[in-house]
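Have a look at the structure below before the remarks.
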There are 2 protein chains.
Amino acid sequence: MDELDERALDQVAAFFSAFAVPTRLRILNTLRLGERNVGDLAQALGTSQANISKHLALLARLGVIAKRARGTSAYYHIVDPRVFDLCDLVCAQVGRRLTSEIAARDALLRSARPRTPRRARPSRP
Amino acid sequence: MDELDERALDQVAAFFSAFAVPTRLRILNTLRLGERNVGDLAQALGTSQANISKHLALLARLGVIAKRARGTSAYYHIVDPRVFDLCDLVCAQVGRRLTSEIAARDALLRSARPRTPRRARPSRP
DNA sequence: TGTATTTATCGCTAAGTGGTTATATAGTAG
DNA sequence: CTACTATATAACCACTTAGCGATAAATACA
(Lines give C-alpha, C1' and ligand atoms only; values in the text may rest on other atoms or scores of the structure.)
Protein backbone atom coordinates (compact mmCIF):
# COMPACT_ATOMS: atom_id res chain seq x y z
CA MET A 1 0.00 0.00 0.00
CA ASP A 2 2.92 2.30 0.72
CA GLU A 3 4.41 1.20 -2.58
CA LEU A 4 1.18 1.89 -4.41
CA ASP A 5 0.83 5.26 -2.76
CA GLU A 6 4.33 6.16 -3.89
CA ARG A 7 3.46 5.20 -7.48
CA ALA A 8 0.25 7.16 -7.39
CA LEU A 9 2.03 10.18 -6.00
CA ASP A 10 4.54 10.07 -8.82
CA GLN A 11 1.72 9.83 -11.33
CA VAL A 12 -0.05 12.83 -9.85
CA ALA A 13 3.18 14.82 -9.77
CA ALA A 14 3.87 13.92 -13.39
CA PHE A 15 0.40 15.04 -14.36
CA PHE A 16 0.90 18.39 -12.67
CA SER A 17 4.28 18.85 -14.27
CA ALA A 18 2.64 18.51 -17.67
CA PHE A 19 0.97 21.85 -16.97
CA ALA A 20 4.00 23.43 -15.33
CA VAL A 21 5.56 24.69 -18.56
CA PRO A 22 4.36 27.83 -20.37
CA THR A 23 4.87 26.33 -23.82
CA ARG A 24 2.71 23.34 -22.99
CA LEU A 25 0.02 25.62 -21.58
CA ARG A 26 0.08 27.54 -24.83
CA ILE A 27 -0.21 24.30 -26.79
CA LEU A 28 -3.24 23.25 -24.77
CA ASN A 29 -4.74 26.69 -25.09
CA THR A 30 -4.38 26.50 -28.88
CA LEU A 31 -5.77 22.98 -29.04
CA ARG A 32 -8.75 24.27 -27.12
CA LEU A 33 -9.81 25.89 -30.39
CA GLY A 34 -9.63 22.55 -32.16
CA GLU A 35 -7.33 20.01 -33.73
CA ARG A 36 -3.94 21.28 -34.94
CA ASN A 37 -0.94 19.67 -36.57
CA VAL A 38 2.66 19.98 -35.46
CA GLY A 39 3.86 22.52 -37.98
CA ASP A 40 0.96 24.87 -37.41
CA LEU A 41 1.53 24.75 -33.66
CA ALA A 42 5.23 25.43 -34.10
CA GLN A 43 4.52 28.45 -36.26
CA ALA A 44 1.72 29.70 -34.04
CA LEU A 45 3.79 29.47 -30.87
CA GLY A 46 7.03 30.67 -32.44
CA THR A 47 9.24 27.75 -31.54
CA SER A 48 10.91 24.86 -33.33
CA GLN A 49 9.04 21.89 -34.75
CA ALA A 50 11.20 19.50 -32.74
CA ASN A 51 10.32 21.24 -29.54
CA ILE A 52 6.60 21.13 -30.22
CA SER A 53 6.82 17.49 -31.24
CA LYS A 54 8.49 16.62 -27.96
CA HIS A 55 5.92 18.45 -25.89
CA LEU A 56 3.09 16.84 -27.85
CA ALA A 57 4.58 13.40 -27.30
CA LEU A 58 4.74 14.04 -23.55
CA LEU A 59 1.15 15.26 -23.37
CA ALA A 60 0.01 12.29 -25.44
CA ARG A 61 1.91 9.90 -23.19
CA LEU A 62 -0.03 11.31 -20.25
CA GLY A 63 -3.29 10.86 -22.12
CA VAL A 64 -4.10 14.56 -22.19
CA ILE A 65 -4.09 14.75 -25.98
CA ALA A 66 -4.27 12.21 -28.81
CA LYS A 67 -2.78 11.99 -32.30
CA ARG A 68 -4.58 11.48 -35.57
CA ALA A 69 -2.17 10.73 -38.41
CA ARG A 70 -3.28 12.03 -41.79
CA GLY A 71 -0.82 11.65 -44.62
CA THR A 72 2.50 12.95 -43.42
CA SER A 73 0.80 15.22 -40.94
CA ALA A 74 -0.06 14.51 -37.32
CA TYR A 75 -3.08 16.24 -35.89
CA TYR A 76 -3.43 16.45 -32.15
CA HIS A 77 -6.54 17.14 -30.14
CA ILE A 78 -7.64 17.35 -26.52
CA VAL A 79 -8.89 14.03 -25.20
CA ASP A 80 -10.80 15.15 -22.14
CA PRO A 81 -11.81 18.82 -21.93
CA ARG A 82 -11.96 18.44 -18.17
CA VAL A 83 -8.29 19.41 -18.15
CA PHE A 84 -9.45 22.96 -18.64
CA ASP A 85 -11.27 22.80 -15.33
CA LEU A 86 -7.80 22.41 -13.88
CA CYS A 87 -6.49 25.46 -15.68
CA ASP A 88 -9.53 27.49 -14.69
CA LEU A 89 -9.02 26.59 -11.04
CA VAL A 90 -5.39 27.61 -11.15
CA CYS A 91 -6.13 30.77 -13.07
CA ALA A 92 -8.64 31.71 -10.40
CA GLN A 93 -6.07 31.05 -7.68
CA VAL A 94 -3.46 33.09 -9.50
CA GLY A 95 -5.98 35.83 -10.06
CA ARG A 96 -6.83 36.01 -6.38
CA ARG A 97 -3.15 36.00 -5.52
CA LEU A 98 -2.42 38.86 -7.89
CA THR A 99 -5.26 41.01 -6.58
CA SER A 100 -4.22 40.40 -2.97
CA GLU A 101 -0.66 41.22 -3.95
CA ILE A 102 -1.78 44.48 -5.50
CA ALA A 103 -3.80 45.27 -2.39
CA ALA A 104 -0.77 44.61 -0.20
CA ARG A 105 1.45 46.79 -2.36
CA ASP A 106 -1.22 49.44 -2.24
CA ALA A 107 -1.40 49.31 1.54
CA LEU A 108 2.37 49.52 1.70
CA LEU A 109 2.45 52.60 -0.48
CA ARG A 110 -0.30 54.19 1.56
CA SER A 111 1.55 53.56 4.82
CA ALA A 112 4.81 54.88 3.34
CA ARG A 113 3.11 58.23 2.56
CA PRO A 114 1.35 58.34 5.93
CA ARG A 115 -0.34 61.77 6.13
CA THR A 116 -2.92 63.88 4.29
CA PRO A 117 -5.40 61.62 2.49
CA ARG A 118 -5.09 64.03 -0.44
CA ARG A 119 -8.31 66.01 -0.85
CA ALA A 120 -8.41 67.76 -4.18
CA ARG A 121 -5.65 68.10 -6.70
CA PRO A 122 -4.70 71.71 -7.53
CA SER A 123 -6.06 72.53 -10.94
CA ARG A 124 -3.52 72.89 -13.72
CA PRO A 125 -2.99 76.52 -14.70
CA MET B 1 -1.46 42.56 -23.50
CA ASP B 2 0.94 40.03 -24.97
CA GLU B 3 3.37 40.97 -22.20
CA LEU B 4 0.72 40.54 -19.56
CA ASP B 5 -0.37 37.25 -21.02
CA GLU B 6 3.21 36.02 -20.85
CA ARG B 7 3.44 37.03 -17.17
CA ALA B 8 0.16 35.33 -16.37
CA LEU B 9 1.24 32.19 -18.16
CA ASP B 10 4.43 32.06 -16.12
CA GLN B 11 2.41 32.51 -12.94
CA VAL B 12 0.08 29.67 -13.85
CA ALA B 13 2.99 27.44 -14.77
CA ALA B 14 4.70 28.24 -11.49
CA PHE B 15 1.54 27.41 -9.61
CA PHE B 16 1.30 24.04 -11.33
CA SER B 17 4.96 23.30 -10.70
CA ALA B 18 4.32 23.73 -6.98
CA PHE B 19 2.27 20.54 -7.18
CA ALA B 20 4.63 18.74 -9.55
CA VAL B 21 6.91 17.31 -6.86
CA PRO B 22 5.98 14.26 -4.76
CA THR B 23 7.50 15.66 -1.59
CA ARG B 24 5.43 18.81 -1.84
CA LEU B 25 2.31 16.77 -2.44
CA ARG B 26 3.09 14.80 0.69
CA ILE B 27 3.57 18.02 2.63
CA LEU B 28 0.21 19.32 1.49
CA ASN B 29 -1.42 16.01 2.22
CA THR B 30 -0.05 16.11 5.76
CA LEU B 31 -1.07 19.72 6.28
CA ARG B 32 -4.54 18.69 5.24
CA LEU B 33 -4.79 17.09 8.68
CA GLY B 34 -3.91 20.38 10.33
CA GLU B 35 -1.09 22.72 11.19
CA ARG B 36 2.40 21.19 11.44
CA ASN B 37 5.86 22.54 12.22
CA VAL B 38 8.98 21.98 10.18
CA GLY B 39 10.61 19.31 12.31
CA ASP B 40 7.49 17.20 12.55
CA LEU B 41 7.04 17.33 8.79
CA ALA B 42 10.66 16.37 8.23
CA GLN B 43 10.34 13.39 10.52
CA ALA B 44 6.95 12.36 9.14
CA LEU B 45 8.12 12.50 5.53
CA GLY B 46 11.56 11.04 6.18
CA THR B 47 13.64 13.83 4.69
CA SER B 48 15.96 16.54 5.95
CA GLN B 49 14.78 19.61 7.80
CA ALA B 50 16.52 21.86 5.28
CA ASN B 51 14.66 20.24 2.42
CA ILE B 52 11.28 20.62 4.09
CA SER B 53 12.04 24.21 4.99
CA LYS B 54 12.83 25.01 1.38
CA HIS B 55 9.66 23.41 0.08
CA LEU B 56 7.60 25.20 2.71
CA ALA B 57 9.15 28.52 1.75
CA LEU B 58 8.25 27.92 -1.88
CA LEU B 59 4.67 26.98 -1.10
CA ALA B 60 4.34 30.00 1.19
CA ARG B 61 5.76 32.27 -1.50
CA LEU B 62 3.00 31.07 -3.82
CA GLY B 63 0.40 31.74 -1.16
CA VAL B 64 -0.64 28.11 -0.83
CA ILE B 65 0.35 27.85 2.83
CA ALA B 66 1.14 30.36 5.59
CA LYS B 67 3.52 30.40 8.53
CA ARG B 68 2.68 31.00 12.19
CA ALA B 69 5.83 31.52 14.28
CA ARG B 70 5.55 30.23 17.84
CA GLY B 71 8.70 30.35 19.92
CA THR B 72 11.47 28.86 17.86
CA SER B 73 9.02 26.76 15.91
CA ALA B 74 7.29 27.59 12.68
CA TYR B 75 3.86 26.13 12.12
CA TYR B 76 2.52 26.01 8.58
CA HIS B 77 -1.07 25.60 7.49
CA ILE B 78 -3.10 25.51 4.30
CA VAL B 79 -4.39 28.95 3.33
CA ASP B 80 -7.13 28.02 0.89
CA PRO B 81 -8.45 24.45 1.00
CA ARG B 82 -9.55 24.91 -2.59
CA VAL B 83 -6.11 23.64 -3.57
CA PHE B 84 -7.39 20.19 -2.76
CA ASP B 85 -10.01 20.55 -5.45
CA LEU B 86 -7.04 20.69 -7.80
CA CYS B 87 -5.55 17.52 -6.38
CA ASP B 88 -8.88 15.75 -6.51
CA LEU B 89 -9.30 16.66 -10.17
CA VAL B 90 -5.87 15.35 -11.03
CA CYS B 91 -6.31 12.23 -8.95
CA ALA B 92 -9.53 11.52 -10.83
CA GLN B 93 -7.73 12.01 -14.14
CA VAL B 94 -4.92 9.74 -13.08
CA GLY B 95 -7.42 7.20 -11.84
CA ARG B 96 -9.25 7.17 -15.15
CA ARG B 97 -5.96 6.89 -16.98
CA LEU B 98 -4.89 3.92 -14.89
CA THR B 99 -8.18 2.08 -15.38
CA SER B 100 -8.13 2.68 -19.13
CA GLU B 101 -4.55 1.48 -19.17
CA ILE B 102 -5.54 -1.70 -17.40
CA ALA B 103 -8.43 -2.16 -19.81
CA ALA B 104 -6.08 -1.72 -22.77
CA ARG B 105 -3.62 -4.23 -21.33
CA ASP B 106 -6.52 -6.57 -20.73
CA ALA B 107 -7.72 -6.25 -24.30
CA LEU B 108 -4.21 -6.88 -25.54
CA LEU B 109 -3.93 -10.05 -23.52
CA ARG B 110 -7.31 -11.20 -24.74
CA SER B 111 -6.40 -10.62 -28.39
CA ALA B 112 -3.11 -12.45 -27.92
CA ARG B 113 -5.05 -15.58 -26.85
CA PRO B 114 -7.61 -15.15 -29.67
CA ARG B 115 -9.88 -18.22 -29.66
CA THR B 116 -12.36 -20.05 -27.40
CA PRO B 117 -14.17 -17.51 -25.22
CA ARG B 118 -13.83 -20.05 -22.41
CA ARG B 119 -17.25 -21.30 -21.41
CA ALA B 120 -17.25 -22.94 -18.04
CA ARG B 121 -14.28 -23.77 -15.90
CA PRO B 122 -13.99 -27.45 -14.99
CA SER B 123 -15.10 -27.83 -11.42
CA ARG B 124 -12.41 -28.51 -8.88
CA PRO B 125 -12.45 -32.11 -7.61
C1' DT C 1 25.44 34.30 30.96
C1' DG C 2 25.76 29.90 28.32
C1' DT C 3 23.40 25.78 26.25
C1' DA C 4 20.00 23.54 23.66
C1' DT C 5 16.51 23.61 20.15
C1' DT C 6 14.34 25.00 15.98
C1' DT C 7 14.33 27.08 11.64
C1' DA C 8 16.37 29.43 7.59
C1' DT C 9 19.96 29.85 4.45
C1' DC C 10 24.33 28.82 2.01
C1' DG C 11 27.19 25.85 -0.85
C1' DC C 12 27.27 21.92 -3.32
C1' DT C 13 26.17 17.87 -6.40
C1' DA C 14 23.43 15.03 -9.32
C1' DA C 15 19.62 14.60 -12.12
C1' DG C 16 16.11 16.19 -15.05
C1' DT C 17 14.57 18.99 -18.80
C1' DG C 18 13.37 22.80 -22.12
C1' DG C 19 15.43 24.49 -25.95
C1' DT C 20 18.32 24.12 -30.12
C1' DT C 21 20.30 21.91 -34.55
C1' DA C 22 20.94 17.90 -37.26
C1' DT C 23 19.36 13.58 -38.85
C1' DA C 24 16.20 9.66 -39.69
C1' DT C 25 11.68 8.14 -41.16
C1' DA C 26 7.65 8.10 -43.78
C1' DG C 27 4.23 9.55 -46.73
C1' DT C 28 3.07 12.37 -51.38
C1' DA C 29 3.60 14.19 -55.90
C1' DG C 30 5.98 14.34 -60.14
C1' DC D 1 12.73 6.41 -58.65
C1' DT D 2 13.49 11.30 -57.17
C1' DA D 3 12.32 15.27 -54.84
C1' DC D 4 9.67 17.34 -51.38
C1' DT D 5 7.18 17.81 -47.07
C1' DA D 6 5.97 16.70 -42.27
C1' DT D 7 7.07 14.46 -38.17
C1' DA D 8 9.88 12.01 -34.84
C1' DT D 9 14.13 11.18 -32.74
C1' DA D 10 19.01 11.89 -31.39
C1' DA D 11 22.80 14.63 -29.63
C1' DC D 12 23.83 18.32 -27.18
C1' DC D 13 23.81 22.59 -24.18
C1' DA D 14 22.18 25.66 -20.53
C1' DC D 15 19.64 26.04 -16.78
C1' DT D 16 16.88 24.71 -12.95
C1' DT D 17 16.22 22.21 -8.85
C1' DA D 18 15.54 18.43 -5.33
C1' DG D 19 18.33 16.61 -2.11
C1' DC D 20 22.22 16.80 1.32
C1' DG D 21 25.47 18.69 5.02
C1' DA D 22 27.09 22.67 7.41
C1' DT D 23 26.21 26.89 9.39
C1' DA D 24 23.86 31.08 10.92
C1' DA D 25 20.14 33.19 13.45
C1' DA D 26 16.69 33.35 16.82
C1' DT D 27 14.32 31.82 20.83
C1' DA D 28 13.78 29.07 25.20
C1' DC D 29 15.73 27.45 29.29
C1' DA D 30 19.20 26.62 32.84
Side-chain angles (χ1 to χ4, degrees), chain A residues 5-7 9-31 34-77, chain B residues 5-7 9-31 34-77:
Chain A
D5 218 47
E6 187 111 355
R7 289 268 184 186
L9 223 60
D10 286 355
Q11 291 272 342
V12 172
F15 208 95
F16 272 116
S17 65
F19 298 85
V21 172
T23 297
R24 284 204 281 269
L25 291 178
R26 284 201 300 230
I27 289 177
L28 292 175
N29 196 46
T30 304
L31 291 186
E35 206 178 43
R36 292 285 189 282
N37 65 13
V38 183
D40 288 351
L41 282 170
Q43 183 164 11
L45 305 189
T47 182
S48 72
Q49 170 266 321
N51 191 26
I52 293 290
S53 186
K54 236 178 3 176
H55 286 306
L56 290 171
L58 186 147
L59 289 170
R61 208 155 40 74
L62 284 179
V64 178
I65 63 178
K67 178 177 19 175
R68 185 180 64 95
R70 191 76 173 180
T72 68
S73 293
Y75 289 84
Y76 287 86
H77 61 95
Chain B
D5 218 48
E6 186 110 356
R7 289 268 185 186
L9 223 60
D10 286 355
Q11 291 272 343
V12 172
F15 207 95
F16 271 117
S17 65
F19 298 85
V21 171
T23 296
R24 284 203 282 269
L25 291 178
R26 283 202 299 230
I27 289 177
L28 293 175
N29 196 46
T30 303
L31 290 186
E35 207 177 43
R36 292 286 189 281
N37 64 14
V38 183
D40 288 351
L41 282 170
Q43 182 164 12
L45 305 189
T47 182
S48 74
Q49 170 265 322
N51 192 26
I52 293 290
S53 186
K54 232 177 6 176
H55 285 306
L56 289 172
L58 186 147
L59 289 170
R61 209 157 37 76
L62 283 179
V64 178
I65 63 179
K67 177 174 25 171
R68 184 179 65 94
R70 192 76 172 180
T72 69
S73 295
Y75 290 84
Y76 286 87
H77 60 95

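Computed from heavy atoms alone, side chains included, the values below leave out hydrogens, waters and symmetry copies.
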One pair to check against side chain to side chain contact (heavy atoms under 4.5 Å, CB included): Leu28(A) and Phe19(A). What are the steps and the verdict?
CA-CA 9 Å; Leu28(A) 292 175; Phe19(A) 298 85; 3.4 Å; yes
Atom-to-atom span, OH of Tyr75(B) to P of dT5(C) - whole angstrom:
16 Å
For DNA chain C, determine which residues of residues 61-74 of chain A have any heavy atom closer than 4.0 angstrom to one of its atoms, and list them numerically.
Gly71(A), Thr72(A)
Just jot down the side chain to side chain donor-acceptor pair (under 3.5 Å) partners of Glu35(A), sequence neighbours excluded, or say none.
Arg68(A)
Would you please name every residue forming a side chain to side chain donor-acceptor pair (under 3.5 Å) with Arg61(B), sequence neighbours left out?
none
In whole angstroms, how far is the C1' atom of dT17(D) from the CZ atom of Phe19(B)?
18 Å
Is it the case that the side chain of Arg24(A) and the backbone of Ser17(A) share a donor-acceptor pair, with hydrogens and angles ignored and the cut-off at 3.5 Å?
yes
Let me see the working for Leu56(A) and Leu41(A) under side chain to side chain contact (heavy atoms under 4.5 Å, CB included), right down to the final yes or no.
CA-CA 10 Å; Leu56(A) 290 171; Leu41(A) 282 170; 4.0 Å; yes
Atom pairs, N/O to N/O, protein against nucleotides 23-25 of chain C, distance under 3.5 Å?
none

Contact list for DNA chain D against residues 51-60 of chain B - heavy-atom distance below 4.0 Å:
Asn51(B), Lys54(B), His55(B)
Asp40(A) side chain near Asn37(A) side chain, heavy-atom distance below 4.5 Å:
yes
Just how far, in rounded Å, is P of dG18(C) from CZ of Arg26(A)?
14 Å
Distance in Å, Ile27(B) CD1 paired with Ile52(B) CD1, rounded so as to fall on 0.5 Å steps
4.0 Å
If we ignore hydrogens and angles and just use 3.5 Å, is the side chain of Ser53(A) paired with the main-chain N or O of Gln49(A) as donor and acceptor?
no
Option passing side-chain contact (heavy atoms from CB on, under 4.5 Å) with Tyr76(B) (candidates Lys67(B), Arg36(B), His55(B)):
Lys67(B)
Report the distance from atom OG1 of Thr23(A) to atom CG of Asn51(A), rounding to the nearest 0.5 Å.
6.0 Å
Here the gap from Leu45(B) atom CG to Thr30(B) atom OG1, rounded to the nearest 0.5 Å, amounts to 4.5 Å
Yes or no on side chain to side chain contact (heavy atoms under 4.5 Å, CB included) for Leu59(A) and Leu31(A), after CA distance, side-chain angles and deciding distance?
CA-CA 12 Å; Leu59(A) 289 170; Leu31(A) 291 186; 5.9 Å; no
side-chain N/O Tyr76(B) vs dT6(C) OP1/OP2, d < 4.0 Å:
no
Below 4.0 Å: OP1/OP2 of dG18(C) and any side-chain N or O of Thr23(A)
no
The nucleotide from dG18(C), dA22(C), dC20(D) with an atom nearest the side chain of Val21(A) is dG18(C)
Where along residues 38-46 of chain A does a heavy atom come under 4.0 Å from DNA chain C, residue by residue in number order?
none
Among dT20(C), dG18(C), dT7(D), which nucleotide has an atom closest to any side-chain atom of Asn37(A)?
dT7(D)
Please lay out, stage by stage, how Val38(B) and Tyr75(B) fare under the test side chain to side chain contact (heavy atoms under 4.5 Å, CB included).
CA-CA 7 Å; Val38(B) 183; Tyr75(B) 290 84; over 6 Å; no
